[in-house]
Amino acid sequence: MGQLWKLTYNILVYKLFQIFQLISFNFFSILIAIVAGKIFLMLLRIKISTISIFEQGLVGLTFIGFLSIFVNFFFSLNQFINSILTISFFLILIIKSNIKFILNNIKSIFLLSLFSSLLLIFSTVYAPDGSIYHIPYIKLLNDEKIIIGASNINFRFGLNSIVQYISAFYNNYLFGEIGITIPLVLIISFFIFFLYFEIDNKFNSKGNYNIFYIIILFFFLISSIYQFSRYSEYGNDDPGHVYYFYLICLVLNYKNYKDKNLIFLIFTISIFLIANKLFFILSFIFPLYFLILNQDYNFFKNKLFMLIIFLFLIVILKNLMISGCFFYPVKEFCINSFDWTNINEVSLQSLEGEAWAKGWINQNIIIDFKEYSNNFNWLSAWFNVHFKVIIRKFLPVIIFITSFFFILIFFNLNFVKKKNIKVKFTNHTYFIFIISIINFIFWFYKFPLYRYGYSFIAVFFIITSCIIFFSIFNKISFFYLRRIMLVILILSFTGVITKNFQRILNNYNKNYFYYPWPNLLSLRLDNNYSSLVKVKVGESYYYYSKDGGCMYLESPCSNYLKKDLLYKKVATYKVYYSDKF
């Protein structure tokens, strides 16, 4: 009995140590992002004292993404390279800045690490994309410098995201390979905390209240808490939606037309969005809008503009080397003369991707992808499936926003009005409204899946609702507004914490690889994983998974068996291509 108790005690202590390790790794991961953000903001010459550490973390992850893409042209993102870069961040901070900045915010960083750990612990990865190309591509980045024609091994590698480069960067000597699971949750956590503290700062701005902006931030915060409360649902799309929200926040809060440095930040976020997913291409309208307002053509002579050009060039050059296309899978942006450009595959994936997004799989009448997608032939099948999904998932947000407005009306009409504030719109508001309509139409016409268009739907509905409401009720009681928001936020965070604690209790006693982290070898919290077959390609090879995804097992890996694949080496680069003749 004594031995059994001792064994149980040892197991409990070991599990608690593993949980403590997870929280500690999240803490240091947050520090890395914040330090990277400070460095990048210093490069952009933006006044850091006005930006919260949470916003610096978002910017820092952006910088890490671009830096990782650049490094991957020359090296694999292995633990040695990633560790050297990470140490360099801290050395630059010590030399150029005051380390007291970190110490002064240690409590906020610790609180953020607890929140991100709550979302991450005992979670699974996004299915099925996590197993078939998200994690396999990260594995490829950790093992190899850029592989020319990697999309010929797995066409989904052509759809890679800058977020996967950020994830690959976090595989260092401290975290090990499990570090690749951290960045997704950091992006969500940084953004949620950024919104909360931005709202708090605006409320404490001593009379200079921008109520419209506060309400928008609040709706972004509540919808994000609702949408991003489960790590297992984080794919490559969710970080894009977060940064699109962040971009809208930057535009709404933009006050000084002559502040060129902030335009550089807006440019950077826009490029980041395009590097994440091509359907954010219209984000470029925002920095162009401010350039027109600025009317300073010396902007293009600024050295920082060259940095923006450089960031854009490394993104499209990376795409070109991987797939032969500046933007995959748009055949008009491909160079067919390259050996590794498979224009037939590009055309197929372009047609198939659009057709699947429009519900092609949910009907059996029209077989041809192009015919199905044209002339709104897809509308009936889409309404029967995808439209219902959108309504089911977004309806709670609609109900919340509507209820919130009714509560405001009730308090303003039935109680003593205290400190009423007039709500004003800016030109930025109407500009965002117009762009939100364009983005919404673009999403609906080309790729009307909920996971592709969440931020477009949310921004369109939130901006439209606020403009309509505040056009009718243009005075709001500051006293009641603040208290109503506080109650709702307490309930919302309580709900998220309760929901995730329930999951933790359900999964605590499970035994699997990487416990208590997400499992990198299986979509489940167990020890089952796919068997891989090594396929010879000339003097090289790739791995084929015939019974599931590749996960983080070997690289390069694909769940497609390519029989016509060829291999050659150009300088120090591996090239995979298909025989076109």
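Taking the six-membered ring where tryptophan is involved, the planes of Tyr454 and Phe394 are perpendicular, since the angle between them exceeds 60° and thus also 30°. Relative ring orientation between Tyr244 and Phe280 is described as tilted, the plane-to-plane angle lying within the 30° to 60° band.
By the ring pair (Phe, Tyr, Trp, His ring centres under 6.0 Å) test, Tyr515 pairs with Phe122, Tyr512, sequence neighbours left out. Applying the ring pair (Phe, Tyr, Trp, His ring centres under 6.0 Å) criterion to Tyr552, with sequence neighbours excluded, gives no partner residue. Residues passing the ring pair (Phe, Tyr, Trp, His ring centres under 6.0 Å) test with Phe387 are Trp382, Phe383, sequence neighbours excluded. Ile87 is linked by a side-chain contact (heavy atoms from CB on, under 4.5 Å) to Leu91, counting only residues two or more places apart in sequence or in another chain. Under the salt bridge (charged side-chain N to carboxylate O under 4.0 Å, His left out) criterion, Lys277 pairs with Asp237, not counting sequence neighbours. Annotation: ring pair (Phe, Tyr, Trp, His ring centres under 6.0 Å) contacts of Phe333 (sequence neighbours excluded): Phe327.
Side-chain polar atoms of Ser540 and Tyr576 form a donor-acceptor pair below 3.5 angstrom.
Sorted by first and then second residue, the salt bridge (Lys or Arg N to Asp or Glu O under 4.0 Å) pairs involving residues 119-136 (not counting sequence neighbours) are Asp129-Arg451. Listed by first and then second residue, the salt bridge (Lys or Arg N to Asp or Glu O under 4.0 Å) pairs involving residues 518-531 are Arg524-Asp526 (not counting sequence neighbours). Note on residues 358-371: pairs passing side-chain hydrogen bond (donor to acceptor under 3.5 Å, both in side chains), not counting sequence neighbours, are Glu354-Lys358. Evaluation of the side-chain hydrogen bond (donor to acceptor under 3.5 Å, both in side chains) test over residues 306-316, restricted to residues two or more places apart or in two chains, returns none. Within the structure, the side-chain hydrogen bond (donor to acceptor under 3.5 Å, both in side chains) test picks out the following pairs touching residues 561-571 (sequence neighbours left out): Asp339-Lys568.
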Return all side-chain donor-acceptor pairs below 3.5 angstrom for residues 76-85, not counting sequence neighbours, or 'none' if the list is empty.
from	atom 1	to	atom 2	distance (Å)
Ser76	OG	Asn78	ND2	2.9
Asn78	OD1	Phe80	N	3.0
Asn78	OD1	Ile81	N	2.9
Asn78	ND2	Ser76	O	3.3
Gln79	NE2	Asn171	OD1	2.9
Asn82	ND2	Leu77	O	3.0
Asn82	ND2	Asn78	O	3.2
Asn82	ND2	Ala168	O	3.0
Asn82	ND2	Phe169	O	3.3
Asn82	ND2	Asn171	O	2.9
Ser83	OG	Gln79	O	2.6
Ser83	OG	Tyr173	N	3.0

